[in-house]
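Written below as structure tokens is the structure these notes are about.
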Amino acid sequence: MGLSRFADVIHVCVLDRILDRIDAEPDLVQRSIRAMREEIDLEPDIVAELGSLETEPRVVRQVHRLSRATVETVDDIEPEAYRLAIVHLIQCIYVGGLSLPIDEQVSIVWRVPEPTTPPSPAP
């Protein structure tokens with residue numbers, strides 16, 4: 001697999017994991033934004049990127065409406081909205097070697113850690 005194709009697979013995998021988390025935790029975007037705003041050591045590059053991404057209302061709207069109902073494939077989300085979702089939700093993405101299965105190639109450090117117990121179903 002070429003590097004461009006590998007990057008596309010990683011892009012799809014990260015989006016899939018974001019959507020899984022949002023489906024399991026509908027308030028995740030809001031909690032992640034709060035957590036990010038409370039970080040005292042947020043990198044200046046991230047702050048600058050947030051400034052430019054958050055000035056576009058359509059991008060912000062798309063991130064706040066992010067779910068499997070609104071995004072079926074990577075083509076259904078604008079690149080800027082995908083980037084803003086990553087900045088809001090994820091602290092770091094580690095990518096392993098090509099020889100590993102895709103689920104083991106991508107490791108995400110979430111801004112809001114994953115719950116240790118699954119959330120209770122809504123009544």
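Given the structure is predicted, the values throughout are model-derived calculations rather than measurements. Side-chain atoms are counted along with the backbone in the values below, which use heavy atoms only and exclude waters and symmetry mates.
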Are [X] and [Y] within salt-bridge range, i.e. N to O under 4.0 Å?
X     : Y     : value
Arg37 : Glu54 : yes
Glu25 : Arg31 : yes
Asp16 : Arg21 : no

Report task. Would you check, one step at a time, whether the test side-chain contact (heavy atoms from CB on, under 4.5 Å) holds for Glu39 with Gln91? Result -> CA-CA 11 Å; Glu39 283 184 35; Gln91 282 185 323; 3.5 Å; yes
Query raised in the report: Given Leu89 and Ile22, is the side-chain contact (heavy atoms from CB on, under 4.5 Å) satisfied, shown in steps?
Result: CA-CA 10 Å; Leu89 298 169; Ile22 289 173; 4.2 Å; yes
How close do [X] and [Y] get, counting heavy atoms only, and between which atoms?
X      : Y      : answer
Val63  : Ala81  : CG2-O, 3.3 Å
Arg58  : Glu56  : NH1-OE1, 2.7 Å
Ile10  : Gln105 : CD1-OE1, 3.9 Å
Arg17  : Trp110 : O-CH2, 3.7 Å
Arg111 : Val87  : NH2-O, 2.9 Å

Could you check if a side-chain atom of [X] sits within less than 4.5 angstrom of a side-chain atom of [Y], using non-hydrogen atoms only?
X     : Y      : value
Ile18 : Ile86  : yes
His11 : Tyr82  : yes
Glu80 : Gln62  : no
Val14 : Ile90  : yes
Tyr94 : Ile108 : no

Query raised in the report: What is the distance from atom CD of Glu38 to atom CZ of Arg34, rounded to the nearest 0.5 Å?
Result: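 CZ of Arg34 is found 8.0 Å from CD of Glu38.
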**Report entry** Rounded distance [0.5 Å steps], CZ in Arg61 versus NE2 in His64
**Finding:**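 Those atoms lie 10.5 Å apart.
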Query raised in the report: If you count the non-hydrogen atoms of other residues, nucleotides and ligands that lie under 6.0 Å from CD in Glu43, is the total more than 12?
Result: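 At most 12 heavy atoms, drawn from other residues, nucleotides or ligands, come within 6.0 Å of this atom.
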Requested in this report: Look at the side chain of Thr70 and the backbone N and O of Arg65, then say whether any donor-acceptor pair between them is shorter than 3.5 Å.
Outcome: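 Present.
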Requested in this report: Check for a donor-acceptor pair, side chain of Asp23 on one end and backbone N or O of Asp20 on the other, with a separation under 3.5 Å.
Outcome: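 No; zero donor-acceptor contacts below 3.5 Å.
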Query raised in the report: Under the side-chain contact (heavy atoms from CB on, under 4.5 Å) criterion, do Met36 and Leu50 qualify, and how do the steps go?
Result: CA-CA 11 Å; Met36 183 185 60; Leu50 279 170; 3.5 Å; yes
Query - From Leu28, Leu84, Val71, residue fulfilling side chain to side chain contact (heavy atoms under 4.5 Å, CB included) relative to Leu66 - result: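 Considering Leu28, Leu84, Val71, a side chain to side chain contact (heavy atoms under 4.5 Å, CB included) with Leu66 is found only for Val71.
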